[in-house]
Amino acid sequence: MRLVLTTDVAGLGAKGDIVEVSGGYGRNFLLPQGLAAKATTGLISQIQEAERARIEALRREVEAAEDLRLQLAETRIVIAANVTDQGRLFGSIGAAEIIDAVKSLSSVVLEPKLIELSEPIKMIGYHEVKINLHPEVQFVLPLDVIPAHRHRSAGSG
């Protein structure tokens, strides 16, 4: 018996899969439980069209992520921060600061969830920030953290 699964069925398949099962299993369990529907020509066509649409949407997502990666590939972010004499930052640089820096250079607005930082950046120097635009599209964004200019007070010299 040929059926289309209407939900995931352990050991048999995922929702939308076309499966071949014994007549008894289909009539006595899958159909009455609403786990499957008869695999008519129309239903199979609908499933195939939905799968084509899903694949096309995924292709467009990957293409858009790849375009964004190429747009940012030549970008090197520089962030000036207040530092101690030992080169440690007062505070830290996280996703929000990286998002602001990318936006100011390229007008691209990244989502915080796309930026992978194992921990906030707390030292001046060169850092590599992993950007996950899509499960299939990642890249490393170079980041230089430099000391901000210090201002001396009027009486010092």
Problem set entry | Test log, rule side chain to side chain contact (heavy atoms under 4.5 Å, CB included), inputs L105 and R76 | CA-CA 9 Å; L105 285 175; R76 185 177 190 118; over 6 Å; no
Exercise. Which atom names give the shortest non-hydrogen contact between A14 and D8, and what distance separates them?
Worked result: CA-OD1, 3.2 Å
For this session: Provide the closest heavy-atom pair for A81 versus V145 in the form atom of the first, atom of the second, distance.
Result: CB-CG1, 4.3 Å
Return all side-chain donor-acceptor pairs below 3.5 angstrom for residues 122-130, not counting sequence neighbours, or 'none' if the list is empty.
unit_1	atom_1	unit_2	atom_2	d
Y126	OH	E128	OE2	3.1
H127	NE2	M123	O	2.9

For this session: Walk me through it: do E111 and N132 pass the test side chain to side chain contact (heavy atoms under 4.5 Å, CB included)?
Result: CA-CA 10 Å; E111 297 286 327; N132 298 303; over 6 Å; no
Exercise. In chain order, what residues pass the side-chain contact (heavy atoms from CB on, under 4.5 Å) check against L35, with sequence neighbours excluded?
Worked result: T7, V9, F29, L30, Q33
Exercise. After noting the C-alpha distance and the side-chain angles of T40 and V4, does the key distance pass the side chain to side chain contact (heavy atoms under 4.5 Å, CB included) rule?
Worked result: CA-CA 9 Å; T40 64; V4 175; over 6 Å; no
Exercise. Looking only at heavy atoms, which two atoms of L3 and K38 are closest? And how far apart?
Worked result: CD2-CA, 3.8 Å
Exercise. I47 and L5: same hydrophobic cluster, using ILVMFWY side-chain contacts below 4.5 Å?
Worked result: no
Seminar exercise, completed: Here the gap from T6 atom OG1 to L43 atom CG, rounded to the nearest 0.5 Å, amounts to 9.5 Å
Considering only distance and modelled atom types, tabulate donor-acceptor pairs under 3.5 Å from the side chains of residues 20-28, sequence neighbours left out.
unit_1	atom_1	unit_2	atom_2	d
E20	OE2	M1	N	3.2
S22	OG	Y25	N	3.3
N28	ND2	G24	O	3.2

Problem set entry | Full working for side chain to side chain contact (heavy atoms under 4.5 Å, CB included) between E51 and I55 | CA-CA 6 Å; E51 180 64 12; I55 290 169; 3.5 Å; yes
Seminar exercise, completed: So CD1 of I79 and OG of S104: to nearest 0.5 Å the spacing works out to 8.5 Å
Exercise. How long is the gap from CG on L141 to CD1 on I131, to the nearest 0.5 Å?
Worked result: 5.0 Å
For this session: Could you tell me whether the side chain of Q138 and the main chain of P135 form a donor-acceptor pair under 3.5 Å?
Result: yes
Problem set entry | Hydrophobic cluster membership, L31 vs I18, 4.5 Å side-chain cutoff | no
For this session: Identify whether the distance between the nearest side-chain nitrogen and carboxylate oxygen of R69 and E66 falls below 4.0 Å.
Result: yes
Exercise. Does one hydrophobic cluster hold both V108 and I115, with members joined at side-chain heavy-atom distances below 4.5 Å?
Worked result: yes
Problem set entry | For T75 against P142, the heavy-atom pair lying closest together | O-CD, 3.5 Å
Seminar exercise, completed: When rounded to the nearest 0.5 Å, the distance separating CG of D67 from CD of E63 is 5.5 Å
Name every donor-acceptor pair, under 3.5 Å, that has one atom in a side chain of residues 89-103 and the other anywhere in the protein, sequence neighbours excluded.
unit_1	atom_1	unit_2	atom_2	d
E97	OE1	G94	N	2.7

Seminar exercise, completed: When every non-hydrogen atom of R2 is compared with those of I44, the smallest separation belongs to NH1-CD1, 3.9 Å
For this session: Report the residues that fulfil salt bridge (Lys or Arg N to Asp or Glu O under 4.0 Å) with D17, sequence neighbours left out, ordered by chain and then residue number.
Result: none
Problem set entry | Lys/Arg N to Asp/Glu carboxylate O, R52 vs E56, below 4.0 Å | no
Exercise. Tracing side-chain links under 4.5 Å among I, L, V, M, F, W and Y, which residues wind up in one group with I146?
Worked result: V78
